[in-house]
2 protein chains.
Amino acid sequence: MSGTGGTPRTTRIQALNKELILNAALEVFSSYGFRGATVDQIATKCGLSKPNLLYYFRRKEDIYVAVLEHTLQDWLDPLRSLDPAGEPLEEITRYIRSKIRMSRENPKASRLFANEILHGAPAITDYLKGPLKLLVDEKAAVIRRWSAEGRLRPIEPHHLIFAIWATTQHYADFDVQVHALIGTPPDLMDTAEAALTSLFVEGLRPR
Amino acid sequence: MSGTGGTPRTTRIQALNKELILNAALEVFSSYGFRGATVDQIATKCGLSKPNLLYYFRRKEDIYVAVLEHTLQDWLDPLRSLDPAGEPLEEITRYIRSKIRMSRENPKASRLFANEILHGAPAITDYLKGPLKLLVDEKAAVIRRWSAEGRLRPIEPHHLIFAIWATTQHYADFDVQVHALIGTPPDLMDTAEAALTSLFVEGLRPR
DNA sequence: TTAATTCTTGATCGGATGGTCAAGTCCGGT
DNA sequence: ACCGGACTTGACCATCCGATCAAGAATTAA
């Protein structure tokens, strides 16, 4: 019995195929954007037929939203783990390192968000103004306290957070430009990490 | 006579309408990207008919490329004016200021490029690997010399340039997110400028 | 095995959109 | 005024693409 309450059971095949679809969708959407991507592309990439995709997700937009939400979860973990009880400069260094690592390991997720926000974030405005703002304001307060205690050079915390986001995600979002300008040295991201951490640490170290 | 050499004369109406089209196209392409924009949207925005647009630009892509090139010209002026003979920290401060001003005054141009590069820069790879790389390498050499002379904390110049681009353009490209997180205070960009200049100057000032 | 349910897809529809064309209107030079 | 070229556009075409549906295949529960 599939539940008198009407709860649709999740079958083995469902879980498998939804996973397949979301993986393929991340690749396609991150490369071409929502409008630029086609359901057929995603279907081909994961070896399913187009009508089959639309059996699991009724509309193209549903796939897109699902990918966004699926990816949003871990995207903010690094910021969440910024420890108010830690040493300010160490915490910020650690934060930059994890953001750089995410840019290297999951550039597609970065580009997916970049594209979404660039186009006005129609699918995630609620998220931006809700959970994200809450988290950011909370961490901004921590940074502000560090500054007040003289453990960090005074800086407007939100702008510091923006600066860290911008610089680290730049290597994922604009990697075509980066590679056009400095090629593809094997230690590119290590050099980037070193440059950014030193820049921020020295820029933030109290006199 | 319109020239025996076949040189097509540019009439008054041509100049006027091409200008109209390019202005409308910048708005539309920067909002929706190449795929997302429609010729009809551009036509409506500038009060011309769709076939009329395609009389001046044969294909949609021609409009897009024309807008890109038209905008690329002034986009790099600030970097060009980085003066090797100037005081390093002053020059970099001035550069950040002009980049911030461009983000405020012409965010559409910034978003147009961001979108283009995000999607692999199919229309401007030659430009990136050619003229842009030349300019950037030249200025990187200047920065490297400043560091060697002890007038700047040692830093990998290309990554410094990336960091300045990323942080300043962030306010144009991701302004939806910025406003979702800190609202729209009238002095937003002034505060941003202050935060960024202090961060970079202190991060780069030699010990 | 059997029957119900879930899964899969070829065929197709309908709207959107880039691009064409023929027929007309406007403008500038003489 | 007149003429040739520049400009403008309504109607149209071809294609792409999201979405639907009916019919059949596979899976599961009994």
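All values derive from a computational prediction rather than experimental measurement.
- Side-chain proximity of A:Thr11 to D:dC17, C:dA11, C:dC7: nearest is C:dC7.
- Side-chain N or O atoms of B:His170 include none that pairs as donor or acceptor with a backbone N or O of B:Ala166 at under 3.5 Å.
- For the 3.5 Å distance criterion, the side chains of A:Glu69 and A:Tyr127 fail to qualify, holding no donor opposite an acceptor.
- Here B:Arg12 does not reach the OP1 or OP2 of C:dC27: none of its side-chain N or O atoms lies under 4.0 Å away.
- Looking only at side-chain heavy atoms (C-beta outward), A:Leu68 and A:Phe34 stay at 4.5 Å or farther from each other.
- Across the protein-nucleic acid pair, A:Asn52 atom CG and C:dT6 atom C1' stand 11 Å apart, rounded to whole Å.
- One interatomic measurement links the two molecules: CG of B:Leu48 to P of D:dG10, which rounds to 12 Å at whole-angstrom precision.
- In this structure, of C:dT6, C:dC21, D:dA19, it is D:dA19 that holds the atom nearest to the side chain of A:Lys60.
- Counting to the nearest Å, the C1' atom of D:dG18 and the CD atom of A:Gln41 are 13 Å from each other.
- Look at B:Arg144 and B:Asp137 and you find no salt bridge, because none of the NZ, NE, NH1 or NH2 atoms lies under 4.0 Å from a carboxylate O.
- Proximity of B:Arg35 to the phosphate of C:dG18: no side-chain N or O atom is located under 4.0 Å from OP1 or OP2.
- A sub-4.0 Å separation between OP1 or OP2 of D:dC7 and a side-chain N or O of B:Tyr55 is present.
- Salt bridge annotation for B:Arg94-B:Asp83: absent, with no cationic side-chain nitrogen under 4.0 angstrom from a carboxylate oxygen.
- Distance from the side chain of A:Thr38 is smallest to D:dC17 among C:dT9, D:dA6, D:dC17.
- Contact check, A:Asn17 against C:dT8: a side-chain N or O comes under 4.0 Å of OP1 or OP2.
- Look at CD on A:Glu61: it is 18 Å from P on D:dC17, rounded to the nearest Å.
- Residue A:Gly36 is the one, among A:Gly36 and A:Arg58, whose nearest nucleotide of DNA chain D lies closer to the 5' end (criterion: closest heavy atom).
- The separation between B:Tyr64 atom OH and C:dG18 atom P is 14 Å, rounded to whole Å.
- You'll find that the side chain of B:Leu54 is closest to C:dT20, out of C:dT20, D:dC17, C:dT8.
- The interatomic distance linking B:Ile13 (CD1) with D:dT9 (P) rounds to 11 Å, in whole Å.
- Looking at heavy-atom distances under 4.0 Å, A:Tyr56 makes contact with sugar-phosphate atoms alone, never a base.
- Ionic pairing of A:Arg58 and A:Asp62 is not present here: no N-O contact between side-chain nitrogen and carboxylate oxygen is shorter than 4.0 angstrom.
- Counting to the nearest Å, the P atom of D:dC12 and the NZ atom of B:Lys50 are 14 Å from each other.
- In the set C:dT8, D:dA19, D:dT9, the nucleotide with an atom closest to the side chain of B:Pro51 is D:dT9.
- Contact annotation for B:Ala43: no contact, since no heavy-atom pair falls under 4.0 Å across all strands.
- When the side-chain nitrogen and oxygen atoms of B:Gln14 are compared with OP1 and OP2 of D:dA6, none of them lie within a distance under 4.0 Å.
- Taking atom CZ of residue A:Phe57 and atom P of nucleotide D:dT20, one finds them 16 Å apart after rounding to whole Å.
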